[in-house]
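Each ligand, and each atom within it, is numbered from 1 in the order the structure gives.
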Amino acid sequence: MNYFNSEYFTYNNNELFCENISLKDILKDSGTPVYIYSKKYFIDRFNELDSAFKEIDHTIFYAVKSNFNLSVIKIFADMGSGLDVNSEGELLRALKVGVSTDKIIFSGVGKTSSEIKLAVENDLLMIKAESEEELILINEIAFSLNMTARVGIRVNPDVDPKTHPYISTGLAENKFGIDVASAIKLYSQKDRFKNIEYTGIDMHIGSQITTVEPFVSAVEKLSKVFFMLKSEGINLKHFDLGGGIGVEYHNEKTFSAHEFAEALIPVLKKLDCKVFFEPGRYLSANAGILVAQVLYTKLNNKKNFIIVDAAMNDLIRPSIYGAYHHIQPVQINYNSKDITADVVGPVCESGDFLAKNRNIQESKRGDYLAVMSAGAYGMVMASNYNTRRRPPEILVEGFN
Ligand code: LLP
């Protein structure tokens, strides 16, 4: 089998470490299942993306939804990142961490009145509107508070991001955003929305996008809208190109921050305005792993099963997207043979699996397995299904 080895999760004498801390030492206290994150990973990825775009005026807004642990949010806040939130709960987390409200943007296709009120009261940097009805409501709420809401319209550019259909958001058939023609009309109806200041234009075409082309073509489409509005005297300050940068889970060929910048800077430079990014997964996926312990192994009808103590309620990505997460032993034993097995959890559903037909070191009860690339959309999508406890999270700061 292959072993995923990085600067952040490394084998040392065949034993997996996070930074320079032995996982086995952590597991003695935490038990399993447990999420373990490398602090340095978050910091390095943020700096990498930030410096790739240093040529243009930009702000990174960490997409809190990918990993909303308060300590993780704080790492980004401390580095000067803005935050992209998608609900009242995420906004409250952002405020709790102490991020100033002019560094928070609020996304979401279905914000409630109370969420909009909270966003307007806090005078967030930008509230994104995804429908005409939402604009009307934002305007009414801002009027009742005697305030002006700073708003950007999320435009649906109708571009295929070539990703899993569940996480594709920029096609005309998706529920997100407002089509180009309607958006232009709404931007120009300033008199209808007296308590709204249009500050930006926004897009988010999908997640786990592994090539730069969909970004480039969506940005080109939205640039046309941006300039058309400018010619009508509507000068927007911000161009928000959303999140979606893909990462390596298996053997995907993805693009680097440098390649991303190289492809986009020429288009973005022409806008001559501040550019926003909302990455989640890129900053958090490979910062984290989920560690499980083997409960039982069995051979049923010639099929091997490794039954572990982590389940679909802890990490649901394999069950709902058929997502691949590499699984490797915390302790490599070169005397063990490799087998093909399903790695499954204790939940009472056949959809409860972490891997299917996986080539993996033969395991026995008590062994620890690390489910890799679990820092994004892992813990945040965990549930108490089957009245199981949700796993603890450990943040490792192991490099001095
Ligand atoms: N901005 C907006 C408006 C979004 O909806 C999202 C993600 C992001 C930014 C961050 O996207 P990222 O950079 O992480 O791709 N649960 C799925 C992913 C859903 C993504 C939802 N929106 C998964 O596990 O793959």
Engineer: So Leu395 and Asn69, side-chain contact (heavy atoms from CB on, under 4.5 Å) or not? Walk me through it.
Structural biologist: CA-CA 10 Å; Leu395 179 65; Asn69 181 295; over 6 Å; no
Engineer: Which label fits Phe226 and Phe239: parallel for a plane angle under 30°, tilted from 30 to 60°, or perpendicular past 60°?
Structural biologist: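 Perpendicular, since the angle between the ring planes exceeds 60°.
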Engineer: May I ask you to identify the nearest protein heavy atom to atom 24 (O) of ligand 1, giving residue, atom name and distance to one decimal place in Å?
Structural biologist: Arg317 NE, 2.6 Å
Engineer: Are the side chain of Glu19 and the backbone N or O of Lys39 linked by a donor-acceptor pair below 3.5 Å?
Structural biologist: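 Between the backbone of Lys39 and the side chain of Glu19 there is a qualifying donor-acceptor contact (under 3.5 Å).
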Engineer: Non-hydrogen atoms of Tyr282 versus ligand 1: any pair closer than 4.0 Å?
Structural biologist: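 No heavy atom of Tyr282 comes that close to ligand 1.
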Engineer: Any nitrogen or oxygen of Ile167, main chain or side chain, under 3.5 Å from a nitrogen or oxygen of ligand 1?
Structural biologist: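 For ligand 1, there is no N or O atom that lies under 3.5 Å from one belonging to Ile167.
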Engineer: Establish, yes or no, whether a centroid distance under 6.0 Å links the rings of Phe305 and Tyr296.
Structural biologist: no
Engineer: Kindly indicate whether the side chain of Asn313, heavy atoms from C-beta on, has any atom under 4.5 Å from the side chain of Asn384.
Structural biologist: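 No. Closest side-chain heavy atoms not under 4.5 Å.
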Engineer: Examine Lys128 against ligand 1 and note whether any of their N/O atoms are separated by less than 3.5 Å.
Structural biologist: no
Engineer: Please examine the side chains of Ile153 and Tyr198, heavy atoms only from C-beta on, and report whether any two atoms are closer than 4.5 Å.
Structural biologist: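 Yes, close enough: below the 4.5 Å cut-off.
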Engineer: So is Arg154 close enough to ligand 1, meaning a heavy atom under 4.0 angstrom away?
Structural biologist: yes
Engineer: Can you say whether the rings of Phe76 and Tyr62 are parallel (under 30°), tilted (30 to 60°) or perpendicular (over 60°)?
Structural biologist: parallel
Engineer: Would you mind telling me if ligand 1 is within reach of the side chain of Asn86, the backbone, both or neither, using heavy atoms under 4.0 Å?
Structural biologist: neither
Engineer: Going by the atom numbers of ligand 1, which of them fall below 4.0 Å from some non-hydrogen atom of Met381?
Structural biologist: 16 (N)
Engineer: Look only at interatomic distance and state if Gly244 has a nitrogen or oxygen under 3.5 Å from any nitrogen or oxygen of ligand 1.
Structural biologist: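 Yes.
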Engineer: Looking at atom 4 (C) of ligand 1, what's its closest protein heavy atom, distance included?
Structural biologist: Lys65 NZ, 3.1 Å
Engineer: Can you tell me which portion of His204 lies within the under-4.0 Å heavy-atom range of ligand 1? Options are side chain, backbone, both, or neither.
Structural biologist: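 His204 to ligand 1: side-chain contact only, backbone stays beyond 4.0 Å.
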Engineer: N/O to N/O below 3.5 Å, does that happen between Ser66 and ligand 1?
Structural biologist: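 No, no N or O pair falls under 3.5 Å.
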Engineer: Parallel under 30°, tilted from 30 to 60°, perpendicular over 60°: which one fits the rings of His164 and Tyr166?
Structural biologist: perpendicular
Engineer: Using non-hydrogen atoms of the residue, decide whether Ala376 is closer than 4.0 angstrom to ligand 1.
Structural biologist: no
Engineer: Is it the side chain, the backbone, both or neither of His164 that has a heavy atom closer than 4.0 Å to ligand 1?
Structural biologist: neither
Engineer: State the atoms of ligand 1, each with its element, that fall below the 4.0 Å cut-off from a heavy-atom position in Glu278.
Structural biologist: 1 (N), 2 (C), 3 (C), 8 (C), 9 (C), 10 (C), 13 (O)
Engineer: Identify the protein heavy atom lying closest to atom 15 (O) of ligand 1, giving its residue, its atom name and the separation to 0.1 Å.
Structural biologist: Ser207 OG, 2.4 Å
Engineer: Taking only heavy atoms of Ser107, which atoms of ligand 1 are found under 4.0 Å from at least one of them?
Structural biologist: 3 (C)
Engineer: What verdict does the side-chain contact (heavy atoms from CB on, under 4.5 Å) test give for Asp84 and Glu90, after you've listed the backbone C-alpha separation in whole Å, the side-chain angles of each residue and the deciding distance to 0.1 Å?
Structural biologist: CA-CA 9 Å; Asp84 169 52; Glu90 288 188 358; over 6 Å; no
Engineer: Quick test: of every protein heavy atom, which one is nearest to atom 16 (N) of ligand 1, and how far off is it to 0.1 Å?
Structural biologist: Tyr321 OH, 2.8 Å
Engineer: Determine whether Ile105 and His238 make a side-chain contact, defined as any pair of heavy atoms from C-beta on separated by less than 4.5 Å.
Structural biologist: no
Engineer: Counting from 1, what ligand 1 atoms have a heavy atom of Pro279 closer than 4.0 Å?
Structural biologist: 13 (O)
Engineer: Would you say the ring centroid of Tyr249 lies under 6.0 angstrom from that of Tyr324?
Structural biologist: no
Engineer: For ligand 1, does Arg281 get within less than 4.0 Å through its side chain, its backbone, both, or neither, judged by non-hydrogen atoms?
Structural biologist: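 Near ligand 1, Arg281 shows its backbone as well as its side chain.
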Engineer: Please lay out, stage by stage, how Val294 and Leu369 fare under the test side-chain contact (heavy atoms from CB on, under 4.5 Å).
Structural biologist: CA-CA 7 Å; Val294 176; Leu369 295 179; 4.0 Å; yes
Engineer: Among all the protein's non-hydrogen atoms, which is closest to atom 14 (O) of ligand 1, and how far away is it?
Structural biologist: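 The closest heavy atom on the protein side is Tyr377 OH, 2.6 Å.
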